[in-house]
Undergrad: 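The structure follows.
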Amino acid sequence: MDRRRGGETVDRLMAQMTLAEKIGQLNLLAAGEGLVTGAATATPLAKRLDAGQVGAIFGTKSLASARGLQDRALAGSRLKIPLFFAEDVIHGHRTVFPLPIALAASWDMALIEATAGFAAAEASAEGLHQVYAPMIDVSRDARWGRMAESPGEDPHLAGAIAAAMTRGLQGDDPAGPGRVAACLKHFVAYGAPLSGRDYDNASLAWEDLLEIYLPPFAQGVAAGAVSVMAAFNAVNKLPMHAHEPLIEGWLRGQTGFDGLVVSDYTGIRELTAHGLGSPATVVLRALAAGIDMDMVGEDYLTHLPALAEAGLDAPEAGLSVPAERVRALIDRACARVLGFKARLGLLDDPWRKLTGTPAAPDRAEGRALARKAAARSAVLLKNDGLLPLDPGARVALIGPLARDRANMLGTWAVSGRAADVTPLFEAMTAIAGHPPAHAPGCNLVEEDWLIDRLNVHGVTVTRDPRPEAEMLAEAVAVAQAADIVVVALGEAKEHAGESSSRLCPDLPAPQRRLLDALAATGTPLVVAVFAGRALALGGVDGRCGALLYAWHGGIAGPEGVADLIFGRAEPSGRLPVTLPAAPGQTPVCHAEDPTGRPWTGRFVKFRTGWLDLSGDRQPYPFGFGLSYTEVDYAPPRLSATDAGPEDRVRLSVTLTNTGPRPATETVQVYLSDPEARITRPARHLVAFRQVDLAPGEARELVFEIGADLARYPLAPSLETARWVRDPGRIVLHVGPNSRDTRPVELTWRA
Ligand code: NOJ
C-alpha cells in the first residue's frame, strides 16, 4: 500500500464506516490512569475504547500500557481500526537533553538532529508513534515561560531547527524503525502573546506573521513533518482553533502540508471562552478551520452527531451550515486521521511498534550525547581570563543550584528522572578529583506561595529553614577561604514552561543578594546561570569575572558545565535570543524595525529608549558567545557589488584562530535593506555556518547570496499578501554575532 496517501485502504474504510465510527476517530484522549486490569468498573477511557470512540491516545507511560490500550481498542472497533500513541517528547524522552532553547544555542543542526533521533528511538521503543515536537514558536519575550521550549527569537535559526528536528524524529519514514511522527507546534504565533502571558492573544502585522512566525512551519513541512498542533491563542482577532484562513488556507494551501492537524488540550471548547459562540458552534468552527482531532475536550464526540443530523443555524454567531456540509467536514477530518494512521504503517499492521521487544537505544550513548549537547549549549558571556579553571585550584561551589538534580531537567521533561542527573557538585568533584568547598548560600526563592507553584509537578524546590543572614555568612566564609568561587544560580524548572510567565524575568532576589555578598569578598567569581529563559542579567556581569549561561541542561547538563569550567570542552554556544539587561526591556530582539529616532544603546533625550536604564546595562546581543580562544574575521568580500536579479554572488570571509585553543565558530550573516517600501528590520539573520578551527588555522567560508534573500512580504491582509523584491542597495553584515559585524554593500539591478 502507498503509505504516503493511505490510498485504497482509507477509501475502503471510509466507505464502510458509520457516522459514529467516523466521529470516534476524531477523539484524542489522554491515557490518564489508563486501564485498570480486573477492576470491577471500567474506567471512562475503557468505556470509550469499548464503544469505538477513540482515535488516538497520548501520555502512555510504558509499552505494556500502550499494548493493553491497543488490544482494547481493536476489540471495540468493528472495523479493527487501531489507535496511534503520542507523547510530549520535547527535549528527549527518558534521556533528557538540554532544553530546546539551550539546544538552539548550540547552532549545531547535526547535534540537534542527533538528539531528536535518539529521543525518537527511545519513544518508539515504548510504543509511541507520534511526539508533540518540535515546538517552533519564535519567541522574543523572556516573560513568556515557554521560551524554554522554543528555538529562540529568529525565524531563520528556528526554521533550520524545525527541519533538523523533523529529520531527527522522522528520518525518511515516520513509520520506520526507531522513528516517530513529528508534530510541529503551536500553529501559530503562540510565542507572541500580549505581555508575555501564556495563552494570551497575538495582534501583529500580517507581514510579521508571514516573515517571522510562519516560516519555521514551512521549513518543518518541507522537511516532511506529518502533523501539526494548533495554538491556544488568537491571531489578529481569530483564535487559532477556528482559523480557517491560516490552517486550511496557508498551511494546507500554500506549504503543501497534507498531514494531520490536532487541537491543543481542550483548545476547541476554549473557543467558547474566546467568545466564538456556543459549544456546538465552536465545534463546527474548529472542524471547518481544519482541526482534525479534538484533544481531551470530547466536544467533537458530544456535538458532532447532532450537527451531522441537523446542521447548524446560528445567526447570532454569523454561522449557518447545512447537515450535508457537516458530514462532508467529518469525512474530511476522518480521512486525514486514517491517512495519518496509514502513513504510520498502522493500517498495514495495527501492532506496529507494539509487538516483540523493541530495542531501546543504548543509554550510555545517549548520556554521552546529552553531555556533549550541554557543553555545546552553554554560552560563555564573559571571561576575564578566569576560565578554564585549573583542577588543582582551591575552588568553592556556592549557590542554591550547586547540588540540584530535579531542576536541571528543565520543564517538559515528562519522562525524565531526577535521579539520572549528576549535580554540578558531583560533576566538578569527578573532574577535579576532590570535592569543592560548598555552601548553598541562599534559597532559590523565599516566598512560600511561589515555592508551592514551582512544585506543582512534584517537589523540586525546598526551603532551608535557616535565616538568610546565617546562610549568607556561611557562604561568605567559604568564599573567603577559596581561590575562586563557582556560583550556581538561576531558575527552578517550573519557573519556565507552560503557564509560567514571569512579571520580572531576572535572578530571584535572594540570589542577587547572595551575589552581592560574594562579590564583596573580593574572591574571583565564576557565575553559572541555569534557567529556562533569557534572564535579564544587567548587574550580574559587573560582579563576576566569568559568566556562563547554562540554561537547564538535562540529565548531563551540570557535567557539560563542569567540562567547560575545567577546559575539557571548548565553549561554542551562541545566544539564540537577545539577553535583556533589565526585565522591562523585554520583548527585545536583534531584528527590530528601526524608528525615526533610533535607540543608541543608552538613554539619550528624544530618542527611542528607557529613561531609567543606566548606561552600564547593555543587553547581550543575539548570536553572542565567547570561546577560550580568539577568532579573527578578515573584512568580508563580494565577488560582485552589482548583480542582476538571477545572479548568485559569492560572499567570502576568512577566519583565523589566533589563540591557543581549538574553536567552533559560528559565522553569521545579517541583511539590511535601507531603501524599501515599508520599514524593514534594522538587520536580520539570513545565513550562518559553523566551522571548527584548530589553533593557528585559517579558513575561508563562502556564502552564495541571491536576490531572493531580500524578498519581503507586503500584506494589507492575509489574502492579499504578496512577496516583493526591489532592485537597489542592500547591506550584508558578517561577524560572530548580531552586533560585532562588518558590512559589505551590494546593488541588485532590476
Ligand atoms: C498543552 C501544551 O500546550 C502542548 O504543547 C502539549 O503538547 C499538550 N498540552 C499535550 O500535553
Side-chain angles (χ1 to χ4, degrees), residues 27-34 45 54-61 84-93 99-101 116 119-120 123 128-139 144-151 158 162 165-166 169 180-193 196-202 216-217 220 225-235 239-241 259-271 273-274 286 291-299 410-416 456-457 493-494 496-501 532:
N27 201 23
L28 167 58
L29 292 183
E33 77 279 31
L45 177 60
V54 190
I57 289 180
F58 78 97
T60 45
K61 295 295 171 219
F84 67 85
F85 294 97
E87 176 61 302
D88 284 293
V89 177
I90 310 299
H91 51 113
H93 187 48
L99 283 173
I101 188 71
L128 296 169
H129 304 105
Q130 181 198 33
V131 298
Y132 294 145
M135 193 277 219
I136 49 173
D137 297 314
V138 169
S139 145
W144 191 51
R146 299 196 83 171
M147 177 181 272
E149 296 166 66
S150 95
M165 282 203 63
T166 301
L169 293 169
V180 289
C183 182
L184 309 174
K185 72 183 188 184
H186 306 81
F187 190 72
V188 62
Y190 183 44
R197 283 182 308 221
D198 203 8
Y199 316 124
D200 215 326
N201 301 318
F217 286 89
V226 288
S227 59
V228 169
M229 184 187 292
F232 286 124
N233 52 294
V235 169
M240 279 312 304
H241 281 72
L260 180 75
V261 176
V262 298
S263 84
D264 203 345
Y265 202 103
T266 63
I268 294 175
R269 66 169 44 185
E270 291 172 24
L271 292 174
H274 273 282
I291 307 284
D292 304 316
M293 289 192 99
D294 174 6
M295 188 191 288
V296 173
E298 302 212 276
D299 299 283
T411 187
W412 277 116
V414 295
S415 304
V456 65
H457 296 308
K493 75 192 249 291
E494 297 308 326
E498 187 173 347
S499 189
S500 296
S501 298

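Read the numbers this way: they start at 1 and go in the same order the structure lists the ligands and their atoms. For the single chain, residues carry numbers from 1 onward in sequence order.
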Undergrad: Could you check whether atom OH of Tyr199 has more than 12 heavy atoms from other residues, nucleotides or ligands sitting under 6.0 Å from it?
TA: yes
Undergrad: Which of the numbered atoms in ligand 1 are below 4.0 angstrom from a heavy atom of Phe232?
TA: 3 (O)
Undergrad: Indicate, as side chain, backbone, both or neither, the part of Met229 found under 4.0 angstrom from ligand 1 when only non-hydrogen atoms are considered.
TA: side chain
Undergrad: Going by an N to O cut-off under 4.0 Å, is there a salt bridge joining Glu87 and Lys61?
TA: yes
Undergrad: Which residue holds the protein heavy atom closest to atom 6 (C) of ligand 1, what is that atom called, and what is the gap in Å?
TA: Asp88 OD1, 3.3 Å
Undergrad: Looking at Asp292 and Val261, would you say the former's side chain and the latter's main chain have a donor-acceptor pair under 3.5 Å?
TA: yes
Undergrad: Taking the six-membered ring for Trp, is the centroid-to-centroid distance between Trp144 and Tyr190 below 6.0 Å?
TA: yes
Undergrad: So is there a nitrogen or oxygen of Glu149 less than 3.5 Å from a nitrogen or oxygen in ligand 1?
TA: no
Undergrad: Quick one: does His274's side chain have a donor or acceptor within less than 3.5 Å of a partner on Phe232's backbone?
TA: yes
Undergrad: What part of Trp412, side chain from CB on, backbone N/CA/C/O, both or neither, has a heavy atom under 4.0 Å from ligand 1?
TA: side chain
Undergrad: Does an N or O from His186, backbone or side chain, lie closer than 3.5 Å to an N or O of ligand 1?
TA: yes
Undergrad: Ignoring hydrogens and geometry, is there a side-chain-to-backbone donor-acceptor pair from Ser227 to Ala182 under 3.5 Å?
TA: yes
Undergrad: Should the proximity of Arg146 to ligand 1, defined as any heavy atom under 4.0 Å, be assigned to the side chain, the backbone, both, or neither?
TA: side chain
Undergrad: Using distance alone, decide if ligand 1 has a nitrogen or oxygen within less than 3.5 Å of any nitrogen or oxygen in Asp264.
TA: yes
Undergrad: For ligand 1, which atoms sit closer than 4.0 Å to a heavy atom of Phe58?
TA: 10 (C), 11 (O)
Undergrad: Geometry only, no angles: is Lys185 polar-contacting ligand 1 at N/O separations under 3.5 Å?
TA: yes
Undergrad: For Ala86, does its backbone N or O pair with a side-chain atom of His129 as donor and acceptor, under 3.5 Å?
TA: no
Undergrad: Side chain of Asp137, backbone of His186: donor and acceptor closer than 3.5 Å?
TA: yes
Undergrad: Could you list the atoms of ligand 1 found under 4.0 angstrom from a heavy atom of Tyr132?
TA: 7 (O)
